[in-house]
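First comes the structure, then the notes that go with it.
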Amino acid sequence: LNAASTLKVALSVPLDTLFDYLPPRDAPSPVPGQRVLVPFGRGRRCGVVMAAATATDMPPAKLKRVAEVLDAEPLFDGNDLDFLTWAARYYHHPLGEVVGAALPVRLRRGEAQVPLGEPGWALTAVGGALQPAQLSRAPRQAEILAWLTELGGRAPQSLLREALGECASALRGLRDKGYIAVVELPPEPGIPLQGAAPQLHHEQASAVQAVSEALGSFAGFLLEGVTGSGKTEVYLRLAEQVLARGQAVLLLVPEIGLTPQLVKRFARRLGDRLAVLHSGLGEREREVAWQRARLGLAPVVIGTRSAVFTPMPQLGLVLVDEEHDASFKQQEGFRYSARDLAVVRARRAGCPALLGSATPSLETLKNARDGRYRHLRLTERAGGARPPRLDLLDVRGQPLDAGLSPVLKRAIADTLAAGQQALVFLNRRGFAPVLSCYGCGWLSDCPRCDARQTLHARSGLLWCHHCGAQRRVPTTCPECGSTELHPLGAGTERLEQVLGEHFPEVPLVRIDRDATSRKGSLDKLLAEVGKGEPMILVGTQMLAKGHHFPDVTLVGVLDVDGGLFGADFRAAERMAQLILQVAGRAGRGEKPGRVLIQTRYPEHPLLQTLVGQGYDAFAEAALAERREATWPPYSFQALLRAEATDAEWPQAFLSEVYALAAPHAGDVQLWGPVPAPMQRRAGRYRAHLLLQSGERAPLHTLIGWLLPQIRALKLARKVRWSLDVDPLDLY
Ligand SMILES: [Zn+2]
Ligand SMILES: [Zn+2]
């Protein structure tokens, strides 16, 4: 037997190893990057060939053959595979699962590639000659027609839907009138469009220049730009330059930031050279977009977290918008940071990485201060709009009505009277965070978590936001039978109700996960707001991201105090980012905005700094606190989590890990094991052990040594455990 002919195959299984197979008997041997079907256990599995091996530890009699080669060409090239291998090693995660995460679902399952021709729509001769006024009674159809005209007369169905939202019935209407027709778009690169580009202001121009001078080799940039300062235009100009060099651009955005407005803007300028990748796509659509990117047919990819793994030939620029956003961190399974991997990817591809944000993370700010990233700033808002004014509203001793103080209510009334819009921000959905019994003190505890079930009055449910457990709202107290059941505190649902009672004559729009769960409902609500008439918006952080509300001139922020004293050392940073993101919605163009922040701790130094001196000064102070406490970014962490239905096991398991690790820890500190802040969640008890070090290397060395020992522990089979490198949440 010739050992040189065995193949190392990555299978998406939770085992930290590659698997050896012989090449197929009567087909050419597959090369690295190709998918293969192999016998595994009693069935067959799809895997990716990582290498042709020169040696194998397997006894020859046990070696099995590849059953089938699934792709004619490799899906990943050598650089892609090296990048995935690097990521698996850095996060200490099984390589097979990492490779699996990089594949679209259908391909991961071993299905054949979908053909690349894409269904699309094209204007007919009649439709092309139509005047917009002729469709004035069908505004949706008029919008589609205008959009198709702008894109040169044809567009893939997927792009239409990304840009315009659900539009199936309007498309049918246009087709029935003979204005548009279904076409099969050929798999070829899209046509570059020359959409009109706005004039850059001075700061935008120098940011574009700084990055474009660095094209062709790795350099890190932080683009700190206040909301409305035109970061997107900087991305677009750079994308155009990179395309002109014959290279590709990867733009990562948070899930919630991938709005139709953003896609429209890019499509208008770049045509269908754009592919959009996010989790809301159907499996086939997602695969087509992925394949178009991989083949260079769509050299611009806008995508959420997992798009960081999209194979892209000739990558020339990596952009991460809203880089501070927590959604870039995968919190389950393969726990990677797409933001951090994006920078690694740029370095390996030899191209610049640009991280943009109005409120950069402290990690990124420190990189900029240390000179690892060049710090570019956009301080002016487009059109010379003035920044909103932030004020603290001391609500100590104030009578609060669903969280609203009298001063805030008056300010809302004034805003509405001036014909403008007001926004009230409360990052808590539902009617009230807890239902209580005045008779005996019973509280609506979740039966499965150390948490309360939130009251959702409209649906008549008590609902745990941590594990999803639901039950009907009881009419009498389950403990004492009293009918004196009352909601405590307020969520957006209650806020909406109270505001409605106060301002019965103005329309109210609530934007949170409950109010927008039906497809298309968010678009409808946004369209309502877009009319610009006086109204009140109520919502959670969904309001804070991506959407523009030019007619909002007052923002009320309720309940920020949790962020000042949160158990997590990142709580204050998140609070500050959220306040500024919400504030950024207020006042654009000629109308200045005002932001009122209700607090019971108006003297708190971090709040004072944020409101009085802005985010930079806040970040400076927060970084000083982190340095003092040697928290990240002044140290590096890995969190070992364990959970089990038995309360004792997680703690016992982690104690054994501690005993193993302690003699080898060296400069790595071991904190714990301790019960997680919310010890019981979804019926399981949780504990963790935190590993922290001033340097990355000793931490990773210790983990690398420790993991095989942990896997060999008997208790490791009694608990569910996981390792989180660079954790964002210590929960
Ligand atoms: Zn009771
Ligand atoms: Zn629960």
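Numbers for residues simply follow the sequence, beginning at 1. As the structure lists them, so they are numbered: ligands from 1, and atoms in each ligand from 1.
Classified by interplanar angle (parallel below 30°, tilted 30° to 60°, perpendicular above 60°), the ring pair Tyr336/Phe309 is perpendicular.
In terms of modelled atom types and a separation under 3.5 Å, the side chain of Asp561 and the main chain of Arg600 share a donor-acceptor contact.
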- Message: Could you go through Glu573 and Arg626, starting from their C-alpha distance and side-chain angles, then the distance that decides it, and tell me whether this counts as salt bridge (charged side-chain N to carboxylate O under 4.0 Å, His left out)?
- Response: CA-CA 11 Å; Glu573 178 188 357; Arg626 296 268 185 99; 2.8 Å; yes
- Message: Checking Tyr615 against Gln577 for the side-chain hydrogen bond (donor to acceptor under 3.5 Å, both in side chains) test, could you report, in this order, the C-alpha distance in whole Å, the side-chain angles of both residues, the deciding distance, and whether it holds?
- Response: CA-CA 8 Å; Tyr615 186 77; Gln577 287 164 346; 3.3 Å; yes
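Donor-acceptor pairing under 3.5 Å is lacking for the side chains of Asp340 and Tyr91.
Around the Zn ion (ligand 1), the protein contributes the following N, O or S atoms under 2.8 Å, ordered by chain and number: Cys437 SG, Cys440 SG, Cys477 SG, Cys480 SG.
Rounded to the nearest 0.5 Å, atoms CZ (Arg458) and CD (Glu493) are 5.0 Å apart. Rounding to the nearest 0.5 angstrom, the gap separating the CD atom in Gln541 from the CZ atom in Arg574 is 10.0 Å. Rounded to the nearest 0.5 angstrom, Leu443 CG and Gln453 CD are separated by 12.0 Å.
Tally of protein N, O or S atoms closer to the Zn ion (ligand 2) than 2.8 Å: 4.
In this structure, Arg570 is not positioned above the aromatic face of Trp631 in the sense of NZ or CZ being under 6.0 Å from the six-membered ring centre and within 45° of the axis.
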